[in-house]
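Note on naming: letters A, B, ... go to the chains in the order of the sequence lines (proteins, then strands), and numbering restarts at 1 for each one.
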Amino acid sequence: MRIDFEHLTVEVSGHRALDDISGAFASGGVTAVIGPSGAGKSTLLRVLAGLIAPDAGRVRFDGADVTSLRPEERRLGVVFQDLRLFDFLSARDNVAFAPRVARVPASLQLERVDEALRLVRAGAFADRPARVLSGGERQRIAIARALAARPRALLLDEPFASLDAELRRSIREELREVVRALGVTAVVITHDRDDAFALASHFVVLSAGRIEQVGASNELYLHPATEYVATLLGEANLVAIDAREGDRVRVSGLVRSATGNGRRVLIRPEQLRVAGAATVTPTDGWAARVTDLRCSGAGWRVQLDAGSLGPLIAYVATPPAGENVWLVPPEEVHTV
Amino acid sequence: MRIDFEHLTVEVSGHRALDDISGAFASGGVTAVIGPSGAGKSTLLRVLAGLIAPDAGRVRFDGADVTSLRPEERRLGVVFQDLRLFDFLSARDNVAFAPRVARVPASLQLERVDEALRLVRAGAFADRPARVLSGGERQRIAIARALAARPRALLLDEPFASLDAELRRSIREELREVVRALGVTAVVITHDRDDAFALASHFVVLSAGRIEQVGASNELYLHPATEYVATLLGEANLVAIDAREGDRVRVSGLVRSATGNGRRVLIRPEQLRVAGAATVTPTDGWAARVTDLRCSGAGWRVQLDAGSLGPLIAYVATPPAGENVWLVPPEEVHTV
Amino acid sequence: MAGGFVWPLARLCVAAFSRGTESHSGLYRLFADSYARRALGHSLALSLVVALASVAICLPAALSLARGRFVGRALLRGVFAIPLALSGVVVGFLAVAMLGNAGALPALLHTEWLRGTAYGLGGLGITYLYFEIPRATLTMEAALATVEDGLLEAARTLGARPRQLVWLVFWPLCAPALRAAFGVTFAASLGSFGVALIIAGRFPLLPVELYRSFTGTLDEPLGAAMALTLALLAIAVLWVSGRRAR
Amino acid sequence: MAGGFVWPLARLCVAAFSRGTESHSGLYRLFADSYARRALGHSLALSLVVALASVAICLPAALSLARGRFVGRALLRGVFAIPLALSGVVVGFLAVAMLGNAGALPALLHTEWLRGTAYGLGGLGITYLYFEIPRATLTMEAALATVEDGLLEAARTLGARPRQLVWLVFWPLCAPALRAAFGVTFAASLGSFGVALIIAGRFPLLPVELYRSFTGTLDEPLGAAMALTLALLAIAVLWVSGRRAR
């Protein structure tokens, strides 16, 4: 199901939590809504779910205006940040809640509940009371409960906020598989870029109630519209441009073709090639000195001092041999 | 200060939380003790801090036996997982606790407290009651409180467990800087490899109360002794060896020099070069098909199907052009 | 040490089953004698009515105290705490002053029918409510803290219609609170002595009869039986309601 | 609605300042009349001693209940809850049965000096302790849940010696609990009527004198003054101790 929102405005005690924003979530796609706390992410989710009526604007599901529809009529699956399990029920009865209130026939109920439990691998603890489950188990049951509603779209609000790093990684991958397998439209609210990249192919970046940028995750990663988006989505080397001629820029002696109209070049750490002193001639790269080198658990993270360019970061697969290196930026760079 | 522990054994209700382990934490170094929950990490920390008396074994600080010293006599700075701030005091008085009980003269107290607050950038909220602080502020105060004791070593037990991903990253970097600037011996207990790599240069891997492997972080990352360590420290492609001749192994048609004596080759995702179909001849690489490609926020994560080798993962700086690619493993590989 | 707290009760049991100078045990006579039985019945009926009324009346008050965000919430809570701080005998005094023959309430409202209600079952009920409503409200409020709007929202997103919300979510969440409030209120009413002694002139109530068994008849086995009955009923009700007294 | 709960108290104030048929207000006479003043003094002294004793005795019990991990903890808590469920008149009955002229305790211990203590200040104190110790223990236990071993450990790693632990960490953590327990115990003792009426034969106590002002002297202003004093003292003590009554 495609979700459109048009000119949404929500005021909370005089402050505009959402400020006339419009956009869409593609049918069958997974979109992450990213931004810092207070950007309006949760407000957007609550408007989509019908839990807040917007002060202005419309929400459409597959083109149909649902702005005045109550939450129970929207057929969405919502996974809340605080999970909101019914602690007085068993895990299974939590999952069965939606089929039950929808008065699905008992045998079909059983089938749907079992399917949802199987999808999140929650069979083993399904018959325990919800209140005794561990953090990871509660997370799984919250997802299963939303899935058992056979929702037209999934809305997830910081779904892993309460999990530790290891569990977060594994449940995130599981959720990714489930959502792809079901082909359900999903919107993930998060302030964590790892969550966003791991789950979603499209991003909506919110900031102070307004949309900062929208697009495919790799597009936003490599071609952010603003410095804010550039640093939000990953470590960023931002280097001042010396001169610009058309679509070519000169940075500290090197000329590169450039996209964007900014005054600073964005070079992602993995785009910066680190070469030994012998392999590059001075016109191909910048001289730099390694100031810190550490194994990052996904290659090496090199901290460099490149003189007037300032400190730079590079990610490399093998650590550089000496202290003095050449840095080679990519052929095409993006400016912000 | 150098910390040695020798033949430590701790039994908790019949179960060996620590099972005759020995090792050392180098003076001025930052060491991470990594392992899953229940591996004995916290027990080790509590023994070092003097909060548990070991059933057998000794602890030495700079060679001196401190096994029977009480916690208050060990002069360590401990940051607990649950922080354990004194909520009935102000943030500043929390930090002043150690100088106060040590009966440091008032003017010197003030100086040490201010210095500790400055190190963790906590000046702005130092005079608020501890109970009203946010998660990140509490974390900073807990670190400052430990630093103000002028400890001979810092022990940190999952120090960022209660922080969200973004805050975790920034406080982690700050802590790294503080610890390096002070040159204090530090031991970080964690189950999260990102924390471990970000903070520590040496790792002690614990598993079920025993030491699995010890060494520099990059050494353990590239040359793990066991499959367990290999997967604990990062994503790992593990490929079965076809044949071994001396220190050379053959894997699916390619011959590589190999370290380790295992039956499987470990190739880290960033070690696997992904080349377009035209650039490599069949004897240089393995043919593979891209099954999933996503921007990871630090380059691209490529999921590959390499036929009989099974599914593989590669991290690359630029995404491969087509679906069919060649995979080139590094010249030297490690086996586990 | 704990034994010291239980032993008197054991003694009470023995005394209640003893015959003293009579031909039957105190416990037997409590249930056989129509006057004593009436006192027990009155006490039970009064406690039941007061507890049910308190719970019913205080549910909205407790909900708004627990979940509302209004000015003066702390003040309201403070006001509700006042009657609980008062000794039963003070409340009894207030009851007579307000509802007695020269009471202020009948005078204020210019009604004759309230006059002297203090001495009847109705006045007793109203007086009990004066401190049982706050007690029930504050007890319930603490338990209602678990009724989060979030759970109701979650249920709505899962498709629950208003009536389903009430029965499938709100009720299961409130039930322990209601039970606790009922238990505390019932036990307190049952044992209430100060008010009963001052007001209950026209009909027997168990705590008052127990008191009279000392000062008047000196019938220890019957007194023990009444004391035991009061004690066991209060303990049982609190036990079942999952709430301990304070 | 809240007004309905405060209005009777306002009426009480007016009545306490009125003169009735006497030449002075009830409040003036309460403090001028040596008998009434003695009743007030007795009540205050008894409540103070009982509250202090309860708090002192129950601190170790509450600590072990709140933080201990021993078998029978739930049982012990249950036993402690029993006296709180009992009506004052039942406890009074128990006191006479145990400590009266034919009491079980003197008989058991073969001592003469305990015999009849039920009717003296000592017996009254012991009886009050019977339900105030559990009350103080359970009140304190709830508040002591915040005294974590973790904080003591943290303080030790920061170099705190045992005495510093007690004064800098343990005491600040316990103080609110001790204050709460004191307040609840003091207020409850002050207003306790059932036990006082049954036992306090030989000396005046304020709740009993208040009762007698109805049944005997019919001196409404003095009664109102006593009721007001009891009410305000209880409210004030609970307020200061930061604890509301249940």
Side-chain angles (χ1 to χ4, degrees), chain A residues 13 42 45-52 69-90 93-104 109 112-113 116 129-131 138 141-157 187, chain C residues 55 58-60 62-64 66-74 136 139-184 238-244:
Chain A
S13 53
S42 287
L45 178 133
R46 292 173 64 77
V47 170
L48 297 181
L51 297 169
I52 301 179
L69 231 50
R70 285 176 298 184
E72 59 267 33
E73 298 164 335
R74 296 199 179 195
R75 289 198 46 223
L76 297 173
V78 184
V79 177
F80 293 92
Q81 180 168 5
D82 50 358
L83 303 185
R84 304 192 180 175
L85 294 191
F86 303 124
D87 276 339
F88 50 87
L89 297 178
S90 70
D93 286 342
N94 267 277
V95 179
F97 191 88
R100 185 167 296 163
V101 298
R103 300 219 170 75
V104 169
Q109 255 185 48
R112 277 167 61 170
V113 169
R131 65 176 178 283
R138 290 178 72 83
I141 293 300
I143 295 170
R145 186 177 68 172
L147 292 175
R150 291 280 162 95
R152 298 196 286 174
L154 267 183
L155 307 182
L156 304 115
D157 188 4
V187 179
Chain C
V55 169
C58 75
L59 180 57
L63 274 176
S64 56
R67 302 163 70 224
R69 293 273 171 281
F70 55 90
V71 178
R73 191 165 76 135
T139 302
M140 210 184 285
E141 188 210 343
L144 280 181
T146 61
V147 181
E148 297 166 56
D149 284 332
L151 288 177
L152 298 176
E153 282 190 355
R156 293 188 72 188
T157 65
L158 291 166
R161 319 247 144 204
R163 190 176 298 184
Q164 292 172 322
L165 273 189
V166 170
W167 288 113
L168 296 178
V169 183
F170 187 75
W171 181 249
L173 285 171
C174 283
L178 290 169
R179 220 168 53 204
F182 176 85
V184 168
L238 288 169
W239 178 272
V240 169
S241 73
R243 177 85 198 176
R244 69 184 191 222

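- For the atom pair CG (A:Leu45) and CD1 (A:Ile52), the distance works out to 9.0 Å, reported to the nearest 0.5 Å.
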Full working for side chain to side chain contact (heavy atoms under 4.5 Å, CB included) between C:Leu238 and C:Val184: CA-CA 6 Å; C:Leu238 288 169; C:Val184 168; 4.2 Å; yes
I'd like to know whether A:Leu154 forms a side chain to side chain contact (heavy atoms under 4.5 Å, CB included) with A:Ile143, so could you lay out the CA-CA distance, the side-chain angles of the two residues, the decisive distance to 0.1 Å, and finally the verdict. CA-CA 9 Å; A:Leu154 267 183; A:Ile143 295 170; 5.7 Å; no
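- Here A:Leu89 contributes atom CG and A:Ile141 contributes atom CD1; the two are 11.5 Å apart, rounded to the nearest 0.5 Å.
- In this structure, the ring pair (Phe, Tyr, Trp, His ring centres under 6.0 Å) partners of A:Phe97, at least two apart in sequence or on a different chain, are A:Phe86.
- Heavy-atom distances place no part of A:Leu83 under 4.5 Å from chain C, backbone and side chain included.
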Compile a table of inter-chain donor-acceptor pairs under 3.5 Å between chain C and chain A, counting both main-chain and side-chain atoms.
residue  : atom : partner  : partner atom : Å
C:Gly150 : O    : A:Arg84  : NH1          : 3.4
C:Glu153 : OE1  : A:Arg46  : NH1          : 2.8
C:Glu153 : OE1  : A:Arg84  : NH1          : 2.9
C:Glu153 : OE2  : A:Arg46  : NH1          : 3.4
C:Glu153 : OE2  : A:Arg46  : NH2          : 2.6
C:Arg156 : O    : A:Glu72  : N            : 3.4
C:Arg156 : NE   : A:Glu72  : OE1          : 2.9
C:Arg156 : NH2  : A:Glu72  : OE1          : 3.0
C:Gln164 : NE2  : A:Val101 : O            : 2.9

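- With sequence neighbours excluded, the residues forming a side-chain contact (heavy atoms from CB on, under 4.5 Å) with A:Ala153 are A:Met1, A:Ile3, A:Leu76, A:Thr185, listed by chain and number.
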